[in-house]
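What follows is one structure encoded as structure tokens, with my remarks underneath.
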Amino acid sequence: SPHMKPEFILIFTICFAAISLLTLHSWANNDAVQNQNKKNKNNEIIDLRHTNFLSRKPQNQNSLQHQPSFCGKKHYGSQQFTCNQRVEYMCSRYHISEKEAKNKLLESKNCICDCLWGYKEDCTYSSLESEDCICDVDNNEDDIMMPRAPVEKSWGDGRWQRMLIGIFSYDSMKEFELRMANRETHLHYFKHIAGVGDDYIAICSLHQFLGDQNLIADKRQCRIIYTFVMGGGPRDDDLTKQNVNGLDLGAINQTVKTRCLWQVPECGGTDIDEWTVDAPQSPSIHLQEEMKTNKDITFLSISENHQLGKSDTWFTYSAMLTKSRPDLDIRFTAKLDSDNFLNYYALQSYMLRHKQRFRDKQYIYGGFVIHKEVCSGRSYGYVCRDPRFIAPNFMAGAFTYLSTPLAQHVYLNGTSLERKKEVWIPLEDMQIGNMVYSDPSITVEIVKHNKLHGSYTLNKHCFSDPSMYRREFAKWREELSF
């Protein structure tokens, strides 16, 4: 201001300079602290590379579980990178935490970095299955009492019960190509490459499994049982997935059977043999040829449809199968879309780490969870505001599984026929949720697979594109070192 006295200008200038110097000094101190922390962290990593955690005894044995060490003398894969070098690369390349990188590394088929707590006399399989176990030991065999076997070795060891997966498909040229992509990528890989030797089969088709009593009796065999699921009743192409989207499902004039409920006479009642057919009505030429060479399709007695009851029919059929055949030892029944493939190693790893939780809970509902308050919002088109949707959540339909006790309860006699009709909503994923919560007297345990070990997910969506399916599988296999 032109009227400000000189002495005030001088005082103001001095104060401003002092504040500026203090600020610069504070910034300098912060940079120094950050640089020192970074230096300490780097030194810590270097030290850990040359540390044999098993070779030294702690002063307090009770502190074992609080003193994990990640030793990097072991080599990852065939390129002679140490485990620590691989972890550092993954952190830099994928921008993930060190813990996430270690978890991913330990799940890799080719990883020989072992996950153990404590010292060799304390190592047990229970320590291998701890979800907090993210450490390895180095490669001195004298120090290792019980090394962590490669992931595929536990496919056949009977430590978790079987899962039956229905891969949903229908009769079209694009779906034929997707089924072939399934067979030639992940199903082929986990059947013939990722097995546990000539004696064990990791994944079996339902047809193969039911036809071989030796496979059924040997609990190490066929940990995953799959079948493609298609409608085998009269064709109505307007109801298939490629045509039904965008239609008012509540206003469709159905002239064919699309949803079968247990005890309904038109569906076969309680006779499981009436729920499937050997061949569909009016199959296409390519489906006829496919059926000659591939015995891995289950044709339900309903007409092929999307959103109008196929999932209910499949889960009812699988509940009847597991109920009538407890010797099959099937603990979970699932639904998978044909344009998705599963990370079976990640699925198995999760099941093993949480097997106590699964053992203690009877009614389990797993998948990618979408809560009602979320799908009631604008991003989901307010779809869950529909008063017919009674569930607090549902699973995205790409991959959903139910424990067999839950499937048997809600799809068979635990929920009345009247109640099953009452909770009907013509939206497939939400309808499964409605059925899961149709009996308020039971407590349902939610298993959330929205993310698994950082960026790992259980399934990869390929948008009904067979070429993308093959490309993404190749990329996925390479990235996970399968």
Side-chain angles (χ1 to χ4, degrees), residues 131 160-166 168 259 261-262 309-323 326 329-337 342 347 350-376 380 383-452 457-459:
E131 66 177 314
W160 68 290
Q161 292 167 299
R162 293 164 170 142
M163 176 179 284
L164 171 60
I165 300 178
F168 277 30
R259 182 190 187 212
L261 301 174
W262 192 63
K310 182 177 178 179
S311 292
D312 279 357
T313 308
W314 161 248
F315 279 113
T316 303
Y317 169 75
S318 61
M320 294 172 69
L321 176 63
T322 56
K323 184 80 170 181
D329 195 34
I330 296 174
R331 170 62 169 162
F332 300 97
T333 179
K335 173 235 171 202
L336 174 71
D337 285 347
L342 281 179
L347 174 62
Y350 187 92
M351 294 297 189
L352 283 174
R353 290 199 317 277
H354 295 273
K355 69 175 185 177
Q356 187 63 45
R357 174 187 180 187
F358 292 137
R359 184 184 297 121
D360 295 339
K361 303 295 183 180
Q362 188 174 12
Y363 304 120
I364 299 170
Y365 181 31
F368 189 102
V369 183
I370 300 174
H371 294 284
K372 189 170 187 174
E373 58 269 23
V374 175
C375 56
S376 296
Y380 279 82
V383 65
C384 291
R385 292 187 182 183
D386 190 320
R388 295 172 294 179
F389 182 56
I390 65 167
N393 53 64
F394 69 93
M395 306 296 169
F399 178 63
T400 304
Y401 66 86
L402 282 63
S403 62
T404 51
L406 177 59
Q408 291 169 7
H409 183 88
V410 298
Y411 283 101
L412 300 185
N413 56 358
T415 300
S416 68
L417 180 58
E418 292 72 24
R419 179 63 171 164
K420 292 183 179 78
K421 295 178 178 179
E422 179 183 316
V423 299
W424 167 247
I425 181 172
L427 291 168
E428 181 181 43
D429 304 343
M430 295 166 63
Q431 171 58 22
I432 297 174
N434 267 11
M435 288 298 298
V436 165
Y437 291 98
S438 60
D439 182 1
S441 68
I442 65 172
T443 300
V444 177
E445 178 81 0
I446 294 299
V447 181
K448 183 178 181 180
H449 289 297
N450 294 35
K451 277 197 173 182
L452 191 65
T457 55
L458 278 184
N459 60 286

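- Distance check: Glu428 CD to Ile425 CD1 gives 12.5 Å after rounding to the nearest 0.5 Å.
- Considering all non-hydrogen atoms of both residues, Ile165 and Trp314 come closest at C-CZ2, 4.2 Å.
- Note that CD1 of Ile330 is 14.5 Å distant from NZ of Lys323, once rounded to the nearest 0.5 Å.
- Looking at Val436 and Leu402, their side chains come closer than 4.5 Å, going by heavy atoms from C-beta outward.
- Considering CH2 of Trp262 and OG1 of Thr313, their distance stands at 15.5 Å, rounded to 0.5 Å.
- Atom-to-atom distance recorded for Leu336:CG and Asn459:CG is 7.0 Å, nearest 0.5 angstrom.
- Side-chain contact between Met163 and Leu347: present, with at least one pair of heavy atoms (C-beta onward) separated by less than 4.5 Å.
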Going through the checks in order, is the salt bridge (Lys or Arg N to Asp or Glu O under 4.0 Å) test met by Glu422 and Arg419? CA-CA 5 Å; Glu422 179 183 316; Arg419 179 63 171 164; 2.6 Å; yes

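- Between the side chain of Trp424 and the main chain of Gln431, no donor-acceptor pair closer than 3.5 Å is present.
- Looking at heavy atoms from C-beta onward, Ser311 lies in side-chain contact with Phe168 at the 4.5 angstrom threshold.
- Between Tyr363 and Glu445, the closest side-chain pair of non-hydrogen atoms is not below 4.5 Å.
- Contact record, Ser318 with Thr333: OG-OG1, 2.9 Å, taken as the closest heavy-atom pair.
- At a threshold of 4.5 Å between non-hydrogen side-chain atoms, the residues Ile370 and Asp429 do not count as touching.
- Here the side chains of Phe394 and Tyr365 are in contact, with some heavy-atom distance below 4.5 Å.
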Worked check of side chain to side chain contact (heavy atoms under 4.5 Å, CB included) between Leu164 and Leu321: CA-CA 10 Å; Leu164 171 60; Leu321 176 63; 4.2 Å; yes

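- Using a 4.5 Å heavy-atom threshold, the side chains of Val369 and Met395 count as touching.
- Between Pro426 and Arg388, the shortest heavy-atom contact is CD-NH1, 3.5 Å.
- Using a 4.5 Å heavy-atom threshold, the side chains of Tyr401 and Ile364 count as touching.
- Note on residues 400-414: no pairs pass salt bridge (charged side-chain N to carboxylate O under 4.0 Å, His left out), not counting sequence neighbours.
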Test side chain to side chain contact (heavy atoms under 4.5 Å, CB included) on Leu406 and Ile442; report intermediate values, then the result. CA-CA 9 Å; Leu406 177 59; Ile442 65 172; 3.9 Å; yes

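- Taking CG of Asp439 as the reference point, atom NE2 of His409 lies at 3.5 Å (rounded to 0.5 Å).
- In this structure a side-chain-to-backbone donor-acceptor pair under 3.5 Å is present from Ser403 to Gln362.
- Considering all non-hydrogen atoms of both residues, Ser438 and Thr415 come closest at OG-OG1, 2.9 Å.
- The two residues Val423 and Met435 have their closest heavy-atom pair at CG2-SD, 3.9 Å.
- Of the residues listed (Arg162, Gln408, Arg331), the one engaging Thr322 in a side chain to side chain donor-acceptor pair (under 3.5 Å) is Gln408, and it is the only one.
- A 6.0 Å sphere centred on NZ of Lys361 holds no more than 12 heavy atoms belonging to other residues, nucleotides or ligands.
- Relative to the ring axis of Phe315, Lys335 does not place its NZ or CZ within 45° and under 6.0 Å from the centre.
- A distance of 7.0 Å separates OG1 of Thr316 from NZ of Lys420, quoted to the nearest 0.5 Å.
- Residue pairs meeting the disulfide (SG to SG under 2.5 Å) criterion with at least one partner in residues 383-435, sequence neighbours excluded, are Cys375-Cys384.
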